[in-house]
Amino acid sequence: MDWIQNIDNELILAFNSNGNPVWDVFWWIYTSAYAWIPLAFVLLFYICYFQIRNSVKSNQKEAWKQVAFATLAFAFMFLLCDQIPASVIKPLVARLRPSHNPDLMGRLTLINGYTGGLFGFPSNHACNDFGCAMLLTLFFRRWKTSCVTFLWAVGSCYSRMYLGVHYPTDILVGALLGVLLAFIVYRLYRKMGGNPTEYRHDEPWWITIVFLLTIITILIISIFYENFI
């Protein structure tokens with residue numbers, strides 16, 4: 001597997017060496033879960049809104065049951081995407097992150113001294129982000145929303161390589177695992193009685209708006225960061 005490691009080393013150095021002060025701040029904020037709290041609230045809003053809006057015509061008790069099923073599905077998906085890589089695969093594989101690899105010491109630019117945990121295969125970020133994007137796609141079946149959520153996931157994965165804390169193969173395997181877990185959770189959700197029909201009537205366009213507003217906000221902060229501190 002040495003040739004894979006060598007390719008990973010060259011790629012991570014290429015991703016990590018493209019930096020400048022503005023992008024350093026941008027990707028540092030982008031990779032933080034706190035930056036995406038507004039987007040998470042919008043997602044929760046849509047899960048409730050579509051069901052409650054249609055409960056006027058149908059059964060309100062059934063609508064709230066569907067809200068609970070959907071919320072549990074996303075919570076369970078994040079639990080699996082977080083714990084399987086972190087608690088099962090990483091300790092077994094024990095592959096050092098590039099930021100902890102002795103061969104790359106002094107060659108990587110570590111933003112704010114951030115190195116992450118000792119092991120990095122597979123990437124928790126990639127697993128969570130692609131799992132979320134895939135599950136949203138299965139729920140809403142709207143191509144605009146799918147494009148936005150997968151674009152968000154790709155950006156998050158790029159940020160991990162830019163920061164020098166994940167190899168491309170860490171990202172690739174994490175993303176594939178996230179997609180697989182999303183399909184499994186979706187099947188369980190349907191078997192439990194979950195009905196995603198109400199989520200497919202309208203495009204959840206606020207997801208796109210909040211995504212774009214968050215990107216613009218992060219970019220403005222990055223450009224004027226020196227004036228803020």
Side-chain angles (χ1 to χ4, degrees), residues 31 33 36-37 39-51 62-95 97 116-117 119-161 165-204 207-208 211:
T31 200
W36 303 104
I37 289 177
L39 196 60
F41 275 110
V42 170
L43 170 60
L44 183 61
F45 165 78
Y46 272 113
I47 288 176
C48 297
Y49 169 72
F50 284 133
Q51 291 291 348
E62 176 65 21
W64 280 109
K65 186 176 79 171
Q66 290 300 324
V67 168
F69 280 155
T71 303
L72 285 172
F74 278 94
F76 186 52
M77 189 272 301
F78 280 119
L79 178 66
L80 292 179
C81 288
D82 188 65
Q83 290 304 308
I84 290 177
S87 301
V88 180
I89 303 177
K90 284 181 180 178
L92 286 175
V93 177
R95 186 194 194 192
R97 291 178 186 265
F119 303 132
F121 181 90
S123 165
N124 276 60
H125 272 74
C127 191
N128 276 292
D129 298 341
F130 271 84
C132 181
M134 191 70 246
L135 196 56
L136 283 170
T137 296
L138 292 170
F139 264 76
F140 291 113
R141 302 292 174 96
R142 295 287 179 171
W143 70 270
K144 291 179 182 177
T145 300
S146 296
C147 288
V148 168
T149 52
F150 275 104
L151 182 62
W152 160 74
V154 168
S156 180
C157 291
Y158 177 81
S159 74
R160 307 307 288 169
M161 293 184 290
V165 295
H166 277 302
Y167 292 109
T169 50
D170 297 342
I171 297 295
L172 177 61
V173 174
L176 292 175
L177 179 59
V179 169
L180 174 62
L181 290 173
F183 273 106
I184 292 173
V185 169
Y186 183 74
R187 292 301 301 168
L188 290 173
Y189 159 77
R190 294 304 303 270
K191 284 185 178 295
M192 287 172 56
N195 182 6
T197 305
E198 301 299 347
Y199 304 115
R200 297 173 184 171
H201 294 307
D202 304 298
E203 184 83 48
I207 291 177
T208 301
F211 171 75

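Please read these numbers as outputs of a predicted model, since none were measured by experiment.
Considering all non-hydrogen atoms of both residues, Ser146 and Thr137 come closest at OG-OG1, 3.0 Å. Residues Leu44 and Thr71 come closest through the heavy atom pair CD1-OG1, 4.3 Å. Across every non-hydrogen atom of Pro122 and Pro85, the tightest pair is CG-CB, 3.8 Å. The minimum heavy-atom distance linking Ala126 with Ile171 is given by the pair CB-O, 3.5 Å. Across Ala182 and Gly131, no two heavy atoms sit closer than the pair CB-O, 3.4 Å. Of all the heavy atoms in Cys81 and Asn124, the pair that sits closest is O-ND2, 4.1 Å.
Residues Phe211 and Leu151 meet the side-chain proximity criterion, which asks for heavy atoms closer than 4.5 Å. By the 4.5 Å heavy-atom criterion applied to side chains, Val165 and His125 are not counted as neighbours. Residues Phe119 and Val93 form no side-chain contact, since every pair of their non-hydrogen atoms from C-beta on lies 4.5 Å or further apart. Between Cys127 and Leu181, the closest side-chain pair of non-hydrogen atoms falls below 4.5 Å. Under the 4.5 Å side-chain criterion, counting only non-hydrogen atoms from C-beta, Ser156 is not in contact with Trp36.
Every ring-ring contact (aromatic ring centres under 6.0 Å, His included) that Tyr46 has, sequence neighbours left out, goes to Phe50. Listed by chain and residue number, Glu62 satisfy the side-chain hydrogen bond (donor to acceptor under 3.5 Å, both in side chains) test with Lys65 (two or more places apart in sequence, or in another chain). Listed by chain and number, the residues in a ring-ring contact (aromatic ring centres under 6.0 Å, His included) with Phe121 amount to none (sequence neighbours excluded). The ring-ring contact (aromatic ring centres under 6.0 Å, His included) test applied to Phe45 returns Tyr49, not counting sequence neighbours. In this view, Phe150 and Phe130 satisfy the ring-ring contact (aromatic ring centres under 6.0 Å, His included) rule, not counting sequence neighbours. In this structure Ile37 satisfies the side chain to side chain contact (heavy atoms under 4.5 Å, CB included) test together with Tyr34, Phe41, sequence neighbours excluded.
Side chain of Ser87 to backbone of Ile84: no donor-acceptor contact under 3.5 angstrom is found. Under a 3.5 Å cut-off, the side chain of Arg160 and the backbone N or O of Thr31 do not form any donor-acceptor pair. Between the Asp82 side chain and the Phe78 main chain, no donor and acceptor come within less than 3.5 Å of each other. Judged purely by atom type and a 3.5 angstrom limit, Glu203 has no side-chain atom pairing as donor or acceptor with the backbone of Trp143.
Salt-bridge annotation for Asp170 and Arg97: absent, with no side-chain N of the basic residue lying under 4.0 Å from a carboxylate O of the acidic one.
Rounded to the nearest 0.5 angstrom, Met77 CE and Leu136 CG are separated by 7.5 Å. Taking CG of Asn128 as the start and CG of Leu79 as the end, the distance is 10.0 Å to the nearest 0.5 Å. Here the CZ atom belonging to Arg142 is positioned 13.5 Å from the SG atom belonging to Cys147, to the nearest 0.5 angstrom. Note: Thr149 OG1 to Leu135 CG = 10.0 Å, rounded to the nearest 0.5 Å.
Taking the six-membered ring for Trp and thresholds of 30 and 60 degrees, Phe139 and Tyr189 have ring planes inclined between 30 and 60 degrees apart.
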Would you sort out whether Ile89 and Leu177 count as a side-chain contact (heavy atoms from CB on, under 4.5 Å), showing the intermediate values? CA-CA 11 Å; Ile89 303 177; Leu177 179 59; 3.8 Å; yes

Go through Leu176 and Leu180 one step at a time and tell me if the side-chain contact (heavy atoms from CB on, under 4.5 Å) criterion holds. CA-CA 6 Å; Leu176 292 175; Leu180 174 62; over 6 Å; no

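Taking a 6.0 Å sphere around CZ of Arg187, one finds it holds 12 or fewer heavy atoms contributed by other residues, nucleotides or ligands.
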